[in-house]
Amino acid sequence: MLRQPLVLLSRSEKVKKAVSSMPVSSGVVARYVPGESTDSAVQATRGLIESGLHVTLDFLGEDTLDREQADYTVTAYLDLLGALSGQGLTRNAEVSLKLSALGQALPRDGEKISLENAQTLCHAARNAGTTVTLDMEDHTTTDLTLDALSELRKDFPETGAVLQSYLHRTVGDCRDLAYESSRVRLCKGAYKQPESVAFQDKADVDRSYVRCLKILMAGQGYPMVATHDPRLVDIAGALATRHGRAQGSYEYQMLYGMRPDEQQRLAESGEKVRVYIPYGEEWYGYLMRRLAERPSNLSFFLRSLISKK
Ligand SMILES: Cc1cc2nc3c(=O)[nH]c(=O)nc-3n(C[C@H](O)[C@H](O)[C@H](O)COP(=O)(O)OP(=O)(O)OC[C@H]3O[C@@H](n4cnc5c(N)ncnc54)[C@H](O)[C@@H]3O)c2cc1C
């Protein structure tokens, strides 16, 4: 019920200005986004790695419609990769990219520009000793993103991709991507999508997630189980056992600030766990998506606003 209003709020510049200018906002935001700077992201990365976790970092921003912004994003990732490598963190930390932040939707040559930008970053990641995973955005970009993935994999076969179980097509995409050395992050999907392409009912999205997991766990690739859902975490573990997968031949992934105790519990039981850290100035839309997904996050947000007034 709250999802739509919050998603709409996330697009309002007025609300953004109001929330961002409140002194409290930094405290609330910090639970889900460690900061706006490279330094804050690297510091959070170091802390998680020291507690036995792995990390993937996302420089926030999407739907870039000007070239300068796309170039700025590339520079930010290069800066990040340099800092991670300089501090010896790239064994346990990689980066996640949104092609729309690299210029995919630019009116002229957007696909070509975003692919070239992604190639630059895959190259820098490899030099730094780490990898890139392509985030998945709304369904109108799924084919473009998978095409970009196969282009990138020609030179950088270590590049990973995200699939979203809410899309009807995803079982087929899992079959296509369950080959050796293929890294697939399976999530439920975060964008509002039409009935013609996506399951609308939570139970259907979950059933699809399990069907997809079965294919990925039975396949030759490297499944990345991105969910906070306790039932799906258990099912993933059971499927890994059924298919004789050793711990470390797949991994769990959760978002920064979400179920941190569970992240630790899984890591302490010997599982590989990666935390997705978003950072940067464009945190507002990301925060609103997280609040929309979970009413208890929303009440935490409202309580923080009230208590600090
Ligand atoms: C690493 C990672 C990368 C992602 N990348 C993408 C991407 O590229 N594209 C995309 O569209 N989406 C992405 N997502 C977001 C994803 O699609 C979902 O929107 C988001 O993860 C919420 O779905 P869920 O699986 O956690 O289940 P939900 O259906 O949101 O929650 C299921 C259950 O999990 C438990 N739970 C959830 N959150 C919490 C919490 N904070 N505390 C305690 N329990 C909780 C509750 O029991 C809840 O009922 C990513 C998610 C992760 C974790």
Side-chain angles (χ1 to χ4, degrees), residues 2-3 6-7 10 31-33 48 53-63 93-101 104 132-142 144-146 148-149 159-167 169-170 173 183-193 197-210 212-213 223-236 250-266 272-278 285-301:
L2 285 165
R3 188 183 170 92
L6 277 163
V7 170
S10 74
R31 175 165 162 169
Y32 302 107
V33 181
L48 290 168
L53 299 163
H54 292 69
V55 168
T56 185
L57 290 121
D58 167 32
F59 178 67
L60 288 165
E62 53 200 280
D63 300 333
E94 62 132 41
V95 294
S96 287
L97 306 180
K98 284 188 175 51
L99 288 176
S100 78
Q104 191 182 48
V132 165
T133 298
L134 296 183
D135 279 355
M136 192 58 85
E137 303 179 66
D138 76 74
H139 78 279
T140 61
T141 62
T142 308
L144 293 177
T145 303
L146 293 178
L149 175 75
T159 308
V162 178
L163 295 177
Q164 300 152 315
S165 75
Y166 65 13
L167 295 184
R169 60 178 284 166
T170 299
D173 290 333
R183 295 191 307 117
V184 178
R185 170 188 299 158
L186 181 64
C187 67
K188 291 189 187 181
Y191 302 79
K192 174 81 187 139
Q193 302 291 264
V197 297
F199 299 110
Q200 306 294 309
D201 195 287
K202 257 178 164 303
D204 289 330
V205 176
D206 291 359
R207 270 192 286 274
S208 168
Y209 197 102
V210 175
C212 292
L213 256 187
M224 303 186 278
V225 184
T227 181
H228 313 99
D229 193 325
R231 268 186 52 236
L232 295 177
V233 167
D234 286 351
I235 291 171
Y250 60 94
E251 69 184 43
Y252 293 97
Q253 297 192 343
M254 296 192 190
L255 301 176
Y256 182 79
M258 306 276 235
R259 305 199 71 204
D261 295 347
E262 176 65 359
Q263 296 171 13
Q264 278 302 325
R265 186 194 69 79
L266 285 166
K272 187 162 175 182
V273 181
R274 191 176 299 277
V275 180
Y276 183 106
I277 301 185
Y286 174 86
L287 178 72
M288 287 295 144
R289 277 211 285 276
R290 301 288 79 84
L291 295 178
E293 273 167 3
R294 201 164 156 75
S296 62
N297 291 343
L298 179 66
S299 59
F300 169 80
F301 176 69

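Ligands are counted one by one from 1 in listed order, and the atoms in each one are counted from 1 as well. Here, residue 1 is the first one in the sequence, and each next residue gets the next number. Not measured: the values here are computed from a predicted model.
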**Prompt:** Between Lys188 and Glu293, is the closest basic N to carboxylate O distance under 4.0 Å?
**Reply:** no
**Prompt:** Quick one: which ligand 1 atoms are inside 4.0 Å of a heavy atom on Tyr191?
**Reply:** 11 (O)
**Message:** Checking the N or O distance criterion of under 3.5 Å, is ligand 1 in contact with Tyr166?
**Reply:** no
**Message:** Show the atoms of ligand 1 that are less than 4.0 angstrom away from any heavy atom in Val162.
**Reply:** 7 (C), 8 (O)
**Pair Thr159-Arg183, side-chain contact (heavy atoms from CB on, under 4.5 Å): steps then yes or no** = CA-CA 7 Å; Thr159 308; Arg183 295 191 307 117; 5.7 Å; no
**Message:** List ligand 1 atoms under 4.0 Å from Leu255, heavy atoms only on the residue side.
**Reply:** 2 (C), 51 (C), 52 (C), 53 (C)
**Message:** Closer than 4.0 angstrom, basic N to acidic O: yes or no for Asp63 and Lys98?
**Reply:** no
**Request:** Give a yes/no verdict on whether any heavy atom in Lys202 is under 4.0 Å from an atom of ligand 1.
**Result:** yes
**Message:** Walk me through whether Asp204 and Arg207 qualify under salt bridge (Lys or Arg N to Asp or Glu O under 4.0 Å).
**Reply:** CA-CA 5 Å; Asp204 289 330; Arg207 270 192 286 274; 2.8 Å; yes
**Message:** Within the 4.0 Å heavy-atom shell around Gln253, which atoms of ligand 1 are there?
**Reply:** 1 (C), 53 (C)
**Item:** Per-atom contacts, ligand 1 versus Thr227 - under 4.0 Å to a heavy atom
**Value:** 24 (P), 25 (O), 26 (O)
**Asked** If hydrogens are left out, which of Lys188, His228, Gln193 has an atom nearest to atom 21 (O) of ligand 1, that is, the closest non-hydrogen atom?
**Response** His228
**Message:** Counting only heavy atoms, tell me which of Met254, Gln164, Arg231, Met258 gets closest to atom 10 (C) of ligand 1.
**Reply:** Gln164
**Item:** Greater than 12 external heavy atoms within 6.0 Å of Arg169's CZ
**Value:** yes
**Request:** Check each atom of ligand 1 against the heavy atoms of Glu293 and keep those under 4.0 Å away; list them by number with element.
**Result:** 18 (C), 19 (O), 20 (C), 22 (C)
**Asked** Asp135 heavy atoms, cut-off 4.0 Å: which ligand 1 atoms fall inside?
**Response** 8 (O)
**Candidate with minimal heavy-atom separation from atom 6 (C) of ligand 1, of Ala226, Pro230, Cys187** = Cys187
**Message:** Please evaluate residues Glu137 and Thr145 with respect to the criterion side-chain contact (heavy atoms from CB on, under 4.5 Å), reporting the C-alpha separation (whole Å), side-chain torsions for both, the decisive distance (0.1 Å), and the verdict.
**Reply:** CA-CA 9 Å; Glu137 303 179 66; Thr145 303; 5.7 Å; no
**Request:** Give the single entry among Gly189, Pro278, Gly257, Ser165 that approaches atom 17 (O) of ligand 1 most closely by any heavy atom.
**Result:** Gly189
**Asked** Can a salt bridge be assigned to the pair Glu251 and Arg274 using a cut-off of 4.0 Å between side-chain N and carboxylate O?
**Response** yes
**Request:** Kindly determine whether Tyr276 and Thr133 satisfy side-chain contact (heavy atoms from CB on, under 4.5 Å), including the steps that lead there.
**Result:** CA-CA 11 Å; Tyr276 183 106; Thr133 298; over 6 Å; no
**Distance, nearest 0.5 Å, that separates CG of Leu97 from CG of Leu57** = 11.0 Å
**Item:** Part of Asp229 with heavy atoms under 4.0 Å of ligand 1, whether side chain, backbone, both or neither
**Value:** both
